[in-house]
Amino acid sequence: MVLSQSKTVCVIGAGPSGLVSARELKKEGHKVVFVGMVDDDKDVDDNMKRWMVKSVAKKTGEVIEEVFDAVVVASGHYSYPRLPSIKGMDSWKRKQLHSHIYRVPDPFRDEVVVVVGCSMSGQDISIELVEVAKEVHLSAKSLDVPPGLSKVISKHHNFHLHLEIESLEEDGRVIFVDGSCIVADTILYCTGYWYKFPFLESKGRVEVDDNRVGPLFEHTFSPFLSPSLSFVGIPRKLIGFPFFESQAKWIAKLLSGKTSLPSFDEMMESISEFYLAREAAGIPKRNTHDICDFNYSDKYADYIGFPLLEEWRKELCMSALLNSIENLDTYRDSWDDDDLLQETLQNPYFTQFTKTTKSEEPIMSQSKTVCVIGAGPSGLVSARELKKEGHKVVVMEQNDDVGGQWLYQPNVEEEDSLGKTKILKVHSSIYSSLRLISPREIMGFSDFPFTVKEGRDTRRFPGHEELWLYLKDFCEVFGLREMIRFNVRVEFVGMVNDDDITKRWRVKSVEKKSGEVIEEVFDAVVVATGHYSYPRLPSIKGMDLWKGKQVHSHVYRVPDPFRDEVVVVVGGFISGPDISIELVKVAKEVHLSVKSLDVSPGLSKAITKHQSLHLQPQIESLEEDGRVIFVDGSCIVADTILYCTGYRYKFPFLESQGRVEVDDNRVGPLFEHTFSPSLSPSLSFVGIPQKLIGFPFFESQAKWIAMILSGKTSLPSYDEMMQSVAEFYRAKEANGVPKRNTHDIGRDFVNYCDKYADYTGYPHLEEWRKKLCVTTILRSLDNLETYRDSWDDDHELLQEALQDPYFAQRTTP
């Protein structure tokens with residue numbers, strides 16, 4: 001037990017951070033004085049580091065000077081306006097103001113208002129102004145705005161989105177960087193705030209440089225002046241109040257002598273490493289204190305043995321954030337996390353303070369003959385669901401075993417390196433070292449958990465072979481192998497006739513070994529061929545003339561062929577960073593080319609750690625002499641370019657008479673990514689959507705298809721489906737989503753299965769599965785190289801999940 005050392009402490013500011021600081025200091029036995037505003041604050045003894053604080057009583061003008069053992073600065077950082085530098089700003093004759101003095105929209109009635117800044121206040125104030133202003137023009141750095149903002153803009157005829165302002169003209173014109181212009185009455189700057197401490201005289205030991213307050217160890221202590229001078233609430237973009245509390249507890253315990261800080265050198269080294277990591281990640285100095293990490297409070301809790309932030313709090317925050325991105329003007333009053341909220345309110349933290357299902361008469365199943373194309377995860381679960389509904393199923397698989405993508409094919413020598421041939425010889429794009437990006441607990445089908453098997457890969461995030469073995473087990477347990485024809489390539493699928501009532505399908509397949517051609521007629525076809533085989537390549541100037549080696553990740557298997565080479569990896573999504581990190585072990589240099597240098601903290605850490613791994617912007621051109629020139633003008637001479645640029649949807653066997661087409665990687669029109677309105681229900685697709693919890697989604701989609709073919713449920717009319725597809729496309733376009741990303745589910749991926757479950761009365765995806773998925777994503781963003789093996793923060797949630805009866809089901813053949 002350490003005897004508490006009582007100090008006299010001045011807390012500057014009585015906002016949230018100041019109040020909780022005073023509470024924690026008081027609990028530790030310190031004598032606390034609040035000062036709302038001070039004129040001067042300086043240390044009076046360089047050794048003892050005590051502080052002279054001069055304050056003024058605003059009503060009487062009385063000046064008080066006092067000496068304190070410590071000062072806690074909790075004055076906030078949303079008061080001193082930060083203004084942009086715009087040509088003509090000083091000579092513009094009309095009204096200009098900062099959101100610091102915005103209160104109500106009435107003074108802007110019938111005006112043309114330009115709102116500068118697209119962060120929270122810019123969006124929020126713009127939405128309020130459209131109700132009274134003649135026009136509102138929101139000026140943003142990029143037109144690629146969140147879906148929620150796009151929805152609001154499309155809803156209001158007087159609300160317009162613009163790029164940044166190029167100049168302001170004396171005649172009232174506001175000229176934007178794209179050359180467009182308007183005549184405005186008012187410019188309202190929602191451009192943020194400066195950190196500013198006009199009262200603090202630290203002899204240059206704490207300064208604000210381009211909105212970076214520093215040097216500060218963990219955004220809190222100056223190494224020169226610690227622990228007697230501290231700051232609470234400097235970081236932004238985190239869960240504020242709990243963070244202030246953990247920071248305040250740390251400060252209070254340090255001042256009590258119950259814990260200690262690292263040495264001066266260690267603190268300065270930590271700060272330097274933090275700054276270097278930020279710079280390597282392309283984060284401007286002015287954004288040094290933007291954290292963007294819901295787990296950040298936990299670091300401070302660890303310093304003092306304080307409990308970590310509750311998982312339910314992080315989950316509710318993530319849910320609210322995703323909801324706000326999707327539904328900007330309604331998310332505060334309309335939320336879909338009620339189950340999580342109700343679970344949360346049972347927590348002892350809260351001291352104060354049912355769903356019915358319709359039963360339906362069974363409907364006699366209508367048995368169909370169904371051809372399923374593909375024996376990967378989506379094809380296998382489709383076959384299982386169709387079989388359960390009494391349909392006669394034939395699965396056609398071009399390889400010699402089940403698995404689809406998960407059937408590893410190491411021999412790629414005969415495949416075109418860029419996958420430009422009409423028919424691919426290799427289906428799988430799995431590379432040797434690939435491990436799952438999701439924990440095994442969330443990946444299993446609803447009645448077949450992906451559990452650990454003795455003698456196999458027991459890791460939570462196992463290698464690809466373990467998932468393939470899981471699919472083989474699934475196939476055996478549910479008796480699916482007898483329905484599968486292996487080594488059969490489907491060459492043609494077309495309608496027997498164009499009768500709008502029957503829509504039966506002729507399927508022509510070829511037995512790969514014997515060359516035998518078989519033609520059959522089926523009542524329905526389910527396409528489950530996957531979408532990770534046909535490479536999608538960028539269009540780069542000089543690409544066809546470049547003399548070096550160019551390959552797509554489709555044919556990447558092991559890093560050895562790239563030993564001692566300079567390799568440019570193009571693409572910053574999952575495979576690009578993953579392969580880059582593997583290549584640095586053998587390559588001379590690896591240059592990862594991405595669309596934006598604002599990468600995740602986890603990737604930044606990896607780049608900082610590996611001296612031969614470099615982050616580059618997009619490629620401008622490829623030169624015949626081997627140079628790769630980037631858009632910022634920099635260049636390198638490379639041996640190989642490896643394109644991790646995704647894949648194309650392609651169905652070379654399908655003849656739908658133009659009713660289902662792939663246009664810029666949009667497969668359509670498809671109702672709910674599944675049924676062609678013209679050809680439903682006899683033609684369906686499983687597994688088209690991307691960026692969601694795959695296996696459970698395939699299963700919910702398969703159940704829906706099987707029940708529709710059985711007649712147990714039905715689709716909307718043709719017109720209703722077409723209207724739904726059109727509305728979905730318009731919403732995507734309004735949100736600025738490129739056509740090629742039509743099938744990327746995005747923000748609502750954890751709940752997307754539930755929509756399909758509702759079509760069939762199937763239970764929603766378990767909450768624990770959704771939570772584990774979200775925590776994994778957050779951890780991967782922060783620790784790209786280690787998140788698969790370091791997941792202590794998941795332990796309690798995992799133990800809770802493993803109590804679910806789901807995991808007691810059989811999983812062995």
Side-chain angles (χ1 to χ4, degrees), residues 76-196 211 236 284 286-287 324-325 327-333 730 733-736:
H77 48 74
Y78 292 108
S79 295
Y80 290 93
R82 189 169 72 189
L83 293 168
S85 176
I86 299 174
K87 180 183 177 183
M89 188 171 170
D90 293 337
S91 56
W92 203 67
K93 304 300 185 184
R94 305 193 179 190
K95 188 165 56 175
Q96 298 183 72
L97 69 158
H98 191 276
S99 57
H100 173 63
I101 59 172
Y102 175 87
R103 293 299 180 270
V104 293
D106 291 340
F108 305 90
R109 187 172 297 278
D110 300 325
E111 289 189 353
V112 175
V113 183
V114 176
V115 177
V116 180
C118 199
S119 60
M120 289 180 286
S121 63
Q123 297 179 37
D124 221 24
I125 291 173
S126 295
I127 292 170
E128 184 170 55
L129 286 174
V130 293
E131 303 298 332
V132 300
K134 181 180 179 182
E135 296 175 13
V136 176
H137 298 264
L138 178 59
S139 170
K141 290 181 179 179
S142 168
L143 299 182
D144 184 15
V145 296
L149 179 56
S150 295
K151 290 178 187 175
V152 177
I153 292 170
S154 62
K155 190 165 84 172
H156 297 281
H157 71 279
N158 60 335
F159 192 4
H160 310 280
L161 186 65
H162 293 274
L163 286 170
E164 291 183 291
I165 297 175
E166 175 74 25
S167 66
L168 302 178
E169 304 299 320
E170 291 191 39
D171 59 2
R173 284 181 301 147
V174 177
I175 300 177
F176 301 98
V177 294
D178 61 359
S180 63
C181 75
I182 59 162
V183 176
D185 300 294
T186 298
I187 299 178
L188 175 58
Y189 297 101
C190 298
T191 46
Y193 295 87
W194 293 110
Y195 293 94
K196 196 170 183 181
N211 231 29
R236 302 181 299 194
R286 64 181 178 275
N287 295 340
S324 70
I325 290 171
N327 301 290
L328 179 63
D329 59 344
T330 61
Y331 78 96
R332 295 178 176 94
D333 298 309
R730 282 197 295 270
E733 288 159 16
N735 292 337

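Nothing here was measured: the structure is a model prediction, and the numbers come from that model. Values below: all heavy atoms of this structure, side chains included; hydrogens, waters and symmetry mates excluded.
Looking at Lys151 and Asn327, their side chains do bring a donor and an acceptor atom within 3.5 Å of each other. Of the N and O atoms on the side chains of Ser142 and Asp144, not one donor lies less than 3.5 Å from an acceptor on the other residue.
Counting only distance, with no hydrogens or angles, the side chain of Asn211 and the backbone of Asn287 share no donor-acceptor pair below 3.5 Å. The closest donor-acceptor contact from the side chain of Asn158 to the backbone of Val130 lies under 3.5 Å.
Across all their heavy atoms, Pro105 and Val132 have their closest contact at O-CG2, 3.4 Å. When all heavy atoms are compared, the tightest approach of Val145 to Ser150 is CG2-OG, 3.4 Å. Here the closest non-hydrogen pair linking Val114 and Ala184 is CG2-CB, 3.8 Å.
Checking each of Asp171, Val183, Val112, Thr186 against Arg94 for a side chain to side chain contact (heavy atoms under 4.5 Å, CB included) leaves exactly one that passes, namely Val183.
Counting heavy atoms from C-beta on, the side chains of Leu149 and Cys118 come closer than 4.5 Å. Contact of the His77 side chain with the Tyr193 side chain is not registered, since no non-hydrogen atoms from C-beta on lie closer than 4.5 Å. The closest side-chain heavy-atom distance from Ser99 to Tyr78 is not below 4.5 Å. You'll find the side chain of Glu128 stays beyond 4.5 Å of the side chain of Phe108, heavy atoms only. Side-chain contact check for Leu129 versus Tyr102: some heavy-atom pair is nearer than 4.5 Å. You'll find the side chain of Trp92 reaches within 4.5 Å of the side chain of Val174, heavy atoms only. Within the 4.5 Å cutoff, the side chain of Val116 has no heavy atoms near those of the Gln96 side chain. Two residues are said to be in side-chain contact when any heavy atoms from C-beta on lie closer than 4.5 Å; Thr191 and Pro81 fail this criterion.
With a 6.0 Å radius and a threshold of 12 heavy atoms from other residues, nucleotides or ligands, Lys95 has its NZ atom above the threshold.
Between atom OG of residue Ser180 and atom CG of residue Leu163 there is a gap of 7.5 Å, rounded to the nearest 0.5 Å. Atom-to-atom distance recorded for Met120:CE and Cys190:SG is 11.5 Å, nearest 0.5 angstrom. Interatomic distance, CG of Leu97 versus CG of Leu188, reported as 5.0 Å (0.5 Å rounding). Taking CD1 of Ile101 as the start and OH of Tyr189 as the end, the distance is 12.5 Å to the nearest 0.5 Å.
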Side chain to side chain contact (heavy atoms under 4.5 Å, CB included) between Ile182 and Phe176, worked out:
CA-CA 9 Å; Ile182 59 162; Phe176 301 98; 4.0 Å; yes
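Ion pairing between Asp329 and Lys155 holds under the 4.0 Å rule for side-chain N and carboxylate O.
The aromatic rings of His137 and His162 sit tilted, their planes meeting at an angle between 30° and 60°.
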